[in-house]
Protein chains: 2
Amino acid sequence: MRHLIALDAVATTGTFGRAAVLLGYTQSAISQQIASFERLVGAPLFDRPGGPRPVTLTPLGERLLEHARVLLDRVEATSRDLDEFQHGATGRLRIGTFESISTGLLPQIVRQLLSERPQLDIELVEAFEDDKLVDWLRAGTTDVSFFIGNNGEPGEFETVHLKMDPYVVVARADSVGDGPIGADDLVGVPLVGEHEGSCHKRVNEGLLAMGVQPRYVFRSRGNGAVLAMVRAGMGMAVMARMAIDRDDPELAIRDLDPPITPRDVRLAWRAGRTLSPVAQRLVDIALEVCDQPQPSTALAS
Amino acid sequence: MRHLIALDAVATTGTFGRAAVLLGYTQSAISQQIASFERLVGAPLFDRPGGPRPVTLTPLGERLLEHARVLLDRVEATSRDLDEFQHGATGRLRIGTFESISTGLLPQIVRQLLSERPQLDIELVEAFEDDKLVDWLRAGTTDVSFFIGNNGEPGEFETVHLKMDPYVVVARADSVGDGPIGADDLVGVPLVGEHEGSCHKRVNEGLLAMGVQPRYVFRSRGNGAVLAMVRAGMGMAVMARMAIDRDDPELAIRDLDPPITPRDVRLAWRAGRTLSPVAQRLVDIALEVCDQPQPSTALAS
DNA sequence: CATTAGCGATCACGATAGCTAATCAGTACC
DNA sequence: GGTACTGATTAGCTATCGTGATCGCTAATG
C-alpha cells in the first residue's frame with residue numbers, strides 16, 4: 001500500500017527527494033520503500049541515470065503504476081463511500097410493515113428521512129401477518145420491521161414502543177350519532193373488514209370479547225377498499241385508527257365502548273446486531289414522529 | 001491490506017479463530033487486526049454475540065467487505081498481470097522500422113516472437129527517414145527501433161549490430177548478363193528508385209561516388225512499386241538487398257562493382273533504460289535471426 | 001445448577017519493519 | 001576540477017505486529 005503511494009509519488013515528481021517531501025518522509029525512506037518494492041516484484045521499477053537527472057520508470061514500473069493508480073483510486077472511493085455510509089448519507093434500508101402502518105405512520109417518517117438524506121435506497125416490504133414480518137427480520141430480508149407488540153423468540157429482537165393504536169368504528173357520517181359505539185350498536189349490523197390476517201384476527205377477537213358476533217358482508221385485503229365500502233353504505237368497519245389516512249366528511253370515526261385493547265405499535269430489529277446509521281436514524285425519527293422519548297439504549301424485547 | 005484479508009477471512013469463516021487458522025496466524029493476531037481496523041474506520045465491523053456463537057458483520061462491515069473483495073481481486077489481478085508481463089507473455093512493443101526492414105527482416109523476427117508469445121501487442125511504426133526513427137525512439141513513441149548505423153547524440157542510444165545489408169542492382173532477368181554490374185553498365189541507364197528519404201540518399205551518394213549520374217524515370221515510396229516497375233521494364237533499380245522480399249524469376253539481382261558501402265542494420269533503444277522483457281526477447285531473436293552472437297551486455301552506441 | 005467447551009479480548013514480551021539522520025558515491029554542469 | 005544534485009547505505013531508534021498465556025463471557029450439557 002505504502003509502496004503504491006511511493007511509486008506514484010516518485011513517478012509523478014521524477015525524484016526520490018521530491019517524492020519524499022510530497023509525502024512527508026525523508027529521501028532515505030522513499031529510497032528504502034522503492035528498494036523493498038523492487039525486491040518484492042523481483043525487478044527494478046526505475047532507471048536511475050545518476051547525477052542530477054530524474055529517474056524514469058522501467059516498462060515494468062510503468063505497467064505497475066497503471067495498476068497502482070487504479071488501486072489507489074479504488075481505495076479513495078472506498079474511503080469516501082464508507083464515510084458517506086457512516087454519516088447515513090447513503091445506504092439501503094429495508095423496512096417490514098403492515099398496510100395500516102404504511103398508510104398512517106410510515107409516510108411521515110419516510111418523508112422526514114428522505115428529506116434529510118435524499119440518496120437513500122428505501123425498500124418497503126408489506127405483510128398481512130405478523131409471522132411474515134418476523135421471518136423476514138430474522139432472515140435479514142428486512143433491516144428493521146414494525147411489529148404489533150413483541151414477537152419472535154424472547155431476546156431475539158430488540159424493539160421500541162412507538163404508539164398505541166386504538167381500534168375504532170368507521171361508519172357513514174349520516175348513519176351514527178355522536179359518542180362512542182357500544183356492543184349493542186354492533187349486534188347484527190352488517191360489517192365490512194379485512195380478510196384473514198393478524199389485524200383481522202385481533203379485531204375479531206375483540207368483538208367476540210365484547211359479546212358481538214360479527215356479520216361480515218364484505219371483506220378485502222385493502223383498507224382503501226374497506227373504507228370505500230363503508231362510504232358506499234355497505235356497513236360499518238372496525239379497524240385500527242391508523243389505517244384511516246385522511247379526514248373524510250362522509251365518514252364518522254367513533255370509539256368503541258368498551259374498547260378493544262389497542263395495538264402496541266413497535267419498531268423492531270435483530271437483537272445484538274448493530275443498526276446501520278440510516279436504520280438508527282429511522283428509529284429516532286419514528287420515535288420523534290410518535291412523540292416518544294428516545295431511550296439512549298433501546299429497550300429489550 | 002492485511003486488514004482487508006483478515007476482514008474477508010473472518011466474514012467467511014464466521015470466527016476469529018478459524019480465520020486465524022486459515023491465514024496461518026493465531027487468534028490473538030486476528031483479534032488485534034480487526035480491532036485496529038475498527039479503530040481506523042471508527043466503528044465496529046462485527047457484532048460479537050459472545051459465547052460459542054459466530055460473529056456477524058455490522059452493516060458497515062458488510063459494506064466494507066464488498067469493497068474489500070473488489071480490492072483484493074484487483075490486487076490479485078495486478079499480481080497475475082505483472083507476472084505475465086515479467087515473463088514476457090503480455091506487453092506492448094512499439095517498433096520503429098524502415099520499409100525495407102519491414103519487408104526483408106522483420107517478418108521472420110515477428111513471426112518467431114509471436115509464436116512464442118501469442119498475446120503480444122506489437123505495433124510497427126514505419127519511417128522514411130532516419131530522423132523520424134530517432135525522434136520517436138527519443139520521445140518514447142517507440143520502444144526499440146531499427147537504425148542504419150548509429151544515430152542520435154553520442155551515448156543517447158544503445159544499439160546492437162544485426163547485419164550488413166548490401167546495395168544491389170535489380171533488373172529484368174532478360175536484360176542483364178551474369179556477374180556484377182559496373183559503373184559503365186549504369187551510365188545513362190533509366191533507373192527506378194525511391195523518393196526522397198534516407199535510403200535513397202545513400203543510394204544516390206553511392207552512385208555518384210561510382211561516377212554514375214543517375215537518371216530516374218520513376219520514383220515511388222513503396223519498394224513493391226519500384227520492383228513492379230523493374231519487372232515492367234521501366235529500368236533498373238539500385239536498392240538495399242533486404243527490400244527484395246521474394247525470389248522472382250523475372251528479376252535478376254546483381255552485385256555492384258565497385259560496391260556501395262552496405263547498410264549497417266542495427267537495433268537501438270534508449271541508453272540506460274531497462275528494456276521490457278518482450279523488447280529484450282526481440283533483441284535476442286533479431287540477433288539469432290541475423291546469425292549474430294548475443295553480447296550479454298549490449299554494445300554502447 | 002455446576003460444569004464444560006468454544007469464543008473473543010487482553011496483556012507482556014520478543015521480533016521485525018520502517019523511519020530518521022548522517023554519510024557516501026556517482027554524474028552533469030559550470 | 002569543483003559544485004551541486006542525485007540515489008544508496010548504514011546505524012540506531014521506535015512503533016508495529018506477531019506469539020503465547022490468560023481472562024471473561026455465554027450456550028450447551030449432564
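Just the heavy atoms: all of them, side chains too, but no hydrogens, waters or symmetry mates, feed the values below. Predicted model, so just to flag it, every value in this text is computed and none were measured. Quick note on labels: first sequence line is chain A, next is B, and so on, each numbered from 1.
Separating the SG atom in B/C290 from the CD1 atom in B/I285 is a distance of 11.5 Å, to the nearest 0.5 Å.
Between the CG atom of A/D47 and the P atom of D/dG7 there is a distance of 13 Å, given to the nearest Å. If you take CD of A/E156 and P of D/dA27, they are 13 Å apart, rounded to a whole angstrom. Rounded to whole Å, atom C1' of C/dC7 lies 10 Å from atom CZ of B/R53. Atom CZ in A/R48 sits roughly 16 Å away from atom C1' in D/dC5 (whole-Å rounding). In this structure, CE of A/M1 is placed 18 Å from C1' of C/dA17, rounded to the nearest angstrom.
Residue B/R48 places its CZ atom among more than 12 non-hydrogen atoms of other residues, nucleotides or ligands, all under 6.0 Å distant. For B/R92, the CZ atom is loosely surrounded, since the number of other residues' heavy atoms within 6.0 Å does not exceed 12.
Ring planes of A/F147 and A/F157: perpendicular class, angle over 60° (limits at 30 and 60°).
Between A/R270 and A/E156 no salt bridge is recorded (no basic side-chain N to carboxylate O distance below 4.0 Å).
Side-chain contact of A/T141 with A/R94: a donor-acceptor pair under 3.5 Å is absent, judged by distance alone.
Considering only the side chain of A/P52, D/dC5 comes nearest among D/dA27, D/dC5, C/dA9.
In terms of position on DNA chain C, the residue among A/P49 and A/R2 whose nearest nucleotide sits closer to the 5' end is A/R2.
Less than 4.0 Å separates DNA chain D from at least one heavy atom of each of the following residues of residues 21-40 of chain B: B/G24, B/Y25, B/T26, B/S28, B/A29, B/Q32, B/Q33.
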